[in-house]
Amino acid sequence: MSHFVLIDGNSIANRAFYALPLLSTSAGLHTNAVLGFTTMLLKVLEEMKPTHIMVAFDAGKVVFRHSEYADYKGGRAKTPPELSEQFPLIRELLDAFSIKRFELEGYEADDIIGTLTKTADEQDWKTTVITGDKDMLQLVSEHVSVALTRKGVSEIELYTPQEIQEKYGLKPLQIIDLKGLMGDTSDNIPGVPGVGEKTALKLLHEYGSVEEVLENIDRVSGKKLQENLRENVDKAKMSKELATILREAPVELDVQETGYTSYDGVTLSEFFKRMEFKSLLSKIKVEAPDDGQAANAAPFQYEVISAENAEKYADKLTSPMAVYVEMDGDNYHHSPIVGFGLSADDVNLFVPWDVAKEWKAFSQWLADGSQEKWTFDGKRDTVGLAWHELDIKGINFDVYLASYLLNATESNPTLDSIASQYAQVRVRSDEEVYGKGAKRLLPEMDVLSEHAAHKAAAIWQSVPVLREQLTENQMNELLNDLEAPLSMVLALMEKQGIKVNRDRLTQMGVELDAKLEELTKQIYELAGTTFNINSPKQLGEILFDVLDLPVLKKTKTGPSTSADVLEKLAPYHPIIDAILIFRQLGKLRSTYIEGLTKEIHSQSSKVHTLYNQATTATGRLSSTEPNLQNIPIRMEEGRKIREAFIPSEEGWYMLAADYSQIELRILAHISGDENLIDAFRNGMDIHTRTAMDVFGVSEEQVTSLMRRQAKAVNFGIVYGISDYGLSQNLNITRKEAGDFIERYFSVFAGVKQWMEDIVKQAKQDGFVTTLLHRRRYLPDIRSSNFNLRSFAERTAMNTPIQGTAADVIKLAMIRMQEALQEKGLKSRMLLQVHDELVFEVPQDELETMKKLVPEVMESALELQVPLKADVNFGHSWYDAK
DNA sequence: AACATCACG
DNA sequence: ACGTACGTGATGTTA
């Protein structure tokens with residue numbers, strides 16, 4: 001039996017656009033309407049199994065209705081550019097699905113569909129119309145159902161004549177009369193003033209049609225209603241005409257041409273990849289339909305190595321080869337190793353861990369630097385294997401880093417997403433294989449071995465595609481000379497770890513406990529009751545209900561109790577200061593005493609952080625488990641935590657070196673601002689210099705307040721300044737903040753020019769870059785939404801600065817590790833904190849390192865201004881100040 | 001799992 | 001007129 005499905009393209013696209021958040025691809029192409037349309041199509045194809053299907057679109061400006069009523073659709077806001085740009089994509093989508101689409105100059109989709117349903121009706125076909133427009137209900141008949149989308153496009157509600165009868169008590173054609181009486185604001189159909197759905201239905205139940213109602217106005221109950229009807233006879237008639245869908249449009253389409261069997265999975269998945277619809281990729285059948293031998297019809301084959309057959313496979317270990325080290329767990333400092341997936345042109349292997357340990361040819365191949373390996377996160381492999389006394393050398397391409405560089409906005413690329421973008425083989429996500437949260441467990445070995453082999457194959461297939469795209473983006477050097485060598489430096493640092501004095505932490509914990517207990521008592525007394533001080537909700541009730549303090553700021557869920565608010569409330573009540581100290585000490589206890597202690601490794605008695613090299617949008621590193629990049633320093637009480645970070649060898653020292661004002665120096669370089677360059681070349685205190693220029697005073701006249709304000713302005717500049725942000729930071733009015741900025745820009749005109757230029761360039765390209773070609777896409781920079789756009793503009797100003805600073809210190813780290821090796825030094829690099837490097841140093845290398853470290857850091861990259869690094873040392877990280 | 005808060009550069 | 005500073009991660013509470 002035939003089933004003909006007709007889709008109202010414009011209606012569905014609009015619905016999808018407004019129902020879904022404004023998604024976009026990494027290149028800035030908006031895709032939410034396309035995604036919604038796709039979801040709907042997949043659902044329709046699966047659930048309705050159409051034998052014939054087509055999508056109709058509006059076309060041309062002058063719809064025939066316009067000549068009858070000038071204001072038709074006048075009330076409709078014009079289509080936003082974010083939606084218009086998606087219509088060509090939706091057309092491509094339909095082509096990829098092999099679904100016939102149709103439009104007719106001067107007619108709307110409704111009319112095309114109306115005409116075709118009539119034909120279908122006559123031919124006795126089962127027909128379904130998909131739309132978001134209730135007007136279309138008038139097309140419903142014995143053969144024709146209308147499916148209205150609900151909640152965007154995710155659900156549909158099917159209408160047959162029975163449903164319309166039940167819901168409205170009307171025949172389908174009476175829907176036209178309904179619209180004629182009540183009108184439709186979205187189409188600017190006027191209807192009769194004062195008549196809404198309720199009244200219109202009542203009238204129609206009584207009289208049946210607009211014409212009958214108008215003939216019987218005198219009998220209608222209600223004076224006002226009678227009057228409205230009498231005065232709007234013409235309007236009602238015209239409205240009915242406007243609401244009537246034309247069923248005689250000159251549609252020259254043979255419905256037989258809309259026949260549908262299935263889509264071509266390969267074409268469609270290409271399109272999905274381009275749209276970055278990762279979750280949808282897994283939902284479609286990738287094999288080409290019916291022709292029996294699709295492109296990847298060959299089933300995936302892999303072999304499992306055993307102790308018995310291992311030697312037979314020794315010559316399969318080639319160069320290059322893709323390697324994936326399957327581990328059970330996310331933290332590779334602790335994870336057991338399950339085995340190795342290996343892949344090359346015509347071979348996929350899995351080597352279980354117990355086989356690998358004993359297989360000499362394998363461990364030799366693995367440790368042989370001349371045997372090139374392609375990996376996913378070589379740092380993870382290197383450190384994870386090092387914990388089991390296994391060496392991996394010769395890592396020559398890392399798809400994890402490559403994919404991050406190509407799109408830094410999607411942080412932490414996973415192999416299944418990389419595979420779906422760059423390879424043919426399908427890789428299941430780890431979550432899918434292992435289960436998540438409490439349900440996580442180690443699957444059967446055959447599942448694991450296939451999973452690991454899939455991953456290796458995905459790496460193997462992705463490399464050529466990634467290489468091509470890196471070349472296109474001029475990122476080969478960034479990968480080969482920066483990120484890849486850095487990952488091996490980071491591997492050393494992570495595996496080395498940093499010694500933490502557990503007893504020192506415990507002792508600090510005991511002291512904190514006593515203080516917190518005392519504070520808790522005080523706070524309960526001041527509040528007159530006990531409550532959970534850690535609960536913003538309960539605290540809010542005490543402060544703002546019981547004590548009746550003023551609410552200065554609100555969060556989504558209630559009045560804000562954040563530190564900046566509490567500081568302003570301090571004069572009102574003594575409880576505030578106690579709470580601020582409680583918060584401060586509580587943070588130290590939970591995060592830095594208890595949290596850090598938990599991370600001390602049982603084997604090494606050190607903490608081994610994980611540096612994430614593919615997380616941040618700017619190119620910085622991040623650090624987890626534990627995060628060693630946010631150890632307290634600003635407040636003395638917290639700073640003491642650093643006393644627990646000590647050298648791992650007797651008689652050694654901690655040495656720390658940090659860049660001075662690296663971001664402003666980079667701004668001076670890339671903006672070319674003469675004044676800023678001059679300031680740095682003369683070795684001036686930059687905040688004092690800014691204060692002199694902005695306030696127009698001499699160096700001696702700069703007060704500490706002026707310097708503090710100038711410093712805040714400098715920060716603001718780096719962040720992509722706004723008067724509001726600065727005013728919040730300095731607690732001044734917006735106007736005053738605006739004046740500061742204006743004066744700053746008149747003195748540093750080059751900076752102003754650069755900021756304008758970079759935003760302009762970002763709008764043109766859709767991305768910004770750092771000095772070393774690191775790239776960040778800014779899809780929102782052309783948004784019509786003020787907030788999104790402003791945010792993207794600030795990001796456009798900040799990312800080249802923050803990102804170039806990240807480039808510079810990464811270079812310095814590589815040089816530093818090389819220098820240590822070349823000079824045969826025993827000193828070890830342990831930590832990176834964005835603009836700071838921390839080392840442990842034997843006493844007899846102290847003098848060498850005090851010179852060497854700043855030298856290397858300062859010469860990492862030559863700029864128009866000098867780079868400066870300060871160095872300090874002591875018996876703990878605390879003392880290296 | 002989301003939110004608020006706070007530690008760092 | 002619109003409402004926010006840029007980039008992170010860990011913790012405790014609450015829904």
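Bear in mind the structure is a predicted one, so any value in this text is a computation, not a measurement. First the proteins, then the strands, lettered A, B, ... as listed; each starts at 1.
Using a 4.0 Å heavy-atom distance criterion, A/Asn534 is classed as a sugar-phosphate-only contact. Using a 4.0 Å heavy-atom cutoff across all strands shown, A/Ser622 reaches sugar-phosphate atoms only and no base atom. Contacts of A/Arg734 with the nucleic acid, taken as non-hydrogen atoms under 4.0 Å apart, include base atoms. At a threshold of 4.0 angstrom between heavy atoms, the contacts of A/Gly720 with the nucleic acid are absent. Within 4.0 Å (heavy atoms only), A/Ala712 reaches at least one base atom of the nucleic acid. Residue contacts shown for A/Ala806 are absent, as no nucleic acid heavy atom lies under 4.0 Å away.
To the nearest angstrom, C1' of C/dT14 lies 12 Å from CD of A/Glu541. At whole-Å resolution of the value, CG in A/Asn787 and P in C/dA1 are 15 Å apart. Put simply, CD on A/Glu599 is 12 Å from C1' on C/dG9, counting in whole angstrom units. Rounding to whole angstrom units, CD1 of residue A/Ile593 and C1' of C/dT11 are separated by 14 Å. As rounded to whole Å, 12 Å separates atom P of C/dC6 from atom CD1 of A/Ile721. We find that CE of A/Met755 is positioned 12 Å from C1' of C/dA5, with the value rounded to whole Å. Between the CG atom of A/Asn532 and the P atom of C/dT14 there is a distance of 6 Å, given to the nearest Å. As rounded to whole Å, 19 Å separates atom P of C/dG9 from atom NZ of A/Lys598.
Scanning DNA chain C for stems, defined as runs of 3 or more consecutive Watson-Crick or G-U wobble pairs whose donor-acceptor distances all fall under 3.5 Å, gives the following ranges: B:1-9 with C:6-14.
Residue A/Lys537 has a polar side-chain atom (N or O) positioned under 4.0 Å from OP1 or OP2 of C/dA15. Of the side-chain N and O atoms in A/Ser535, one or more sit less than 4.0 angstrom from OP1 or OP2 of C/dT14.
Side-chain atoms of A/Ser783 and A/Asp780 form no donor-acceptor pair, as typed in the model, at a separation below 3.5 Å.
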| request: Classify every nucleotide of nucleotides 4-9 of chain B by which part a protein heavy atom approaches to under 4.0 Å, writing B for the base, S for the sugar-phosphate alone and - for neither, in 5'-to-3' order. | output: SSBBBB

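In this structure a side-chain-to-backbone donor-acceptor pair under 3.5 Å is missing from A/Thr624 to A/Asn627. Looking at A/Thr591, its side chain never comes within 3.5 Å of a backbone N or O of A/Leu588 through a donor-acceptor pair. In terms of modelled atom types and a separation under 3.5 Å, the side chain of A/Ser746 and the main chain of A/Arg743 share a donor-acceptor contact.
Between A/Ile717 and A/Thr615, the one whose closest nucleotide on DNA chain C sits nearer the 5' end is A/Ile717.
Two residues are said to be in side-chain contact when any heavy atoms from C-beta on lie closer than 4.5 Å; A/Met816 and A/Phe839 meet this criterion. Residues A/Arg774 and A/Glu483 have side chains in contact (heavy-atom distance under 4.5 Å, counting atoms from C-beta outward).
When distances run from any side-chain atom of A/Phe786 to the nucleotides C/dG3, C/dG12, C/dT4, the shortest one goes to C/dG3. Comparing atom distances between the A/Thr624 side chain and each of C/dA10, C/dT8, C/dC2 picks out C/dA10 as nearest. Listed candidates were C/dG12, C/dG7, C/dA15. Nearest to the side chain of A/Asn798 is C/dG7.
Nucleotides B/dC6 and C/dC2, compared at atom P, are 28 Å apart to the nearest Å. Distance noted for atom P between B/dC3 and C/dA5: 16 Å (whole Å).
The residues A/Lys640 and A/Glu636 are annotated as salt-bridged, a charged nitrogen and a carboxylate oxygen being separated by less than 4.0 angstrom.
The aromatic rings of A/Tyr777 and A/Phe767 sit perpendicular, their planes meeting at an angle over 60°, well past the 30° parallel limit.
Of the options A/Ile717, A/Leu676, A/Leu667, a side chain to side chain contact (heavy atoms under 4.5 Å, CB included) to A/Phe748 is made by A/Leu676 and by none of the others.
To the nearest 0.5 Å, atoms CD1 (A/Ile575) and CD1 (A/Ile533) are separated by 8.0 Å.
For an aromatic pair to be called close, the ring centres must be under 6.0 Å apart, and A/Phe740 with A/Phe695 satisfies this.
With hydrogens and angles left out, the side chain of A/Ser722 and the base of C/dT4 share a donor-acceptor pair within 3.5 Å.
With centroids closer than 5.5 Å and planes inclined by less than 30 degrees as the test, A/Phe791 and the base of C/dT4 fail to qualify as a stacked pair.
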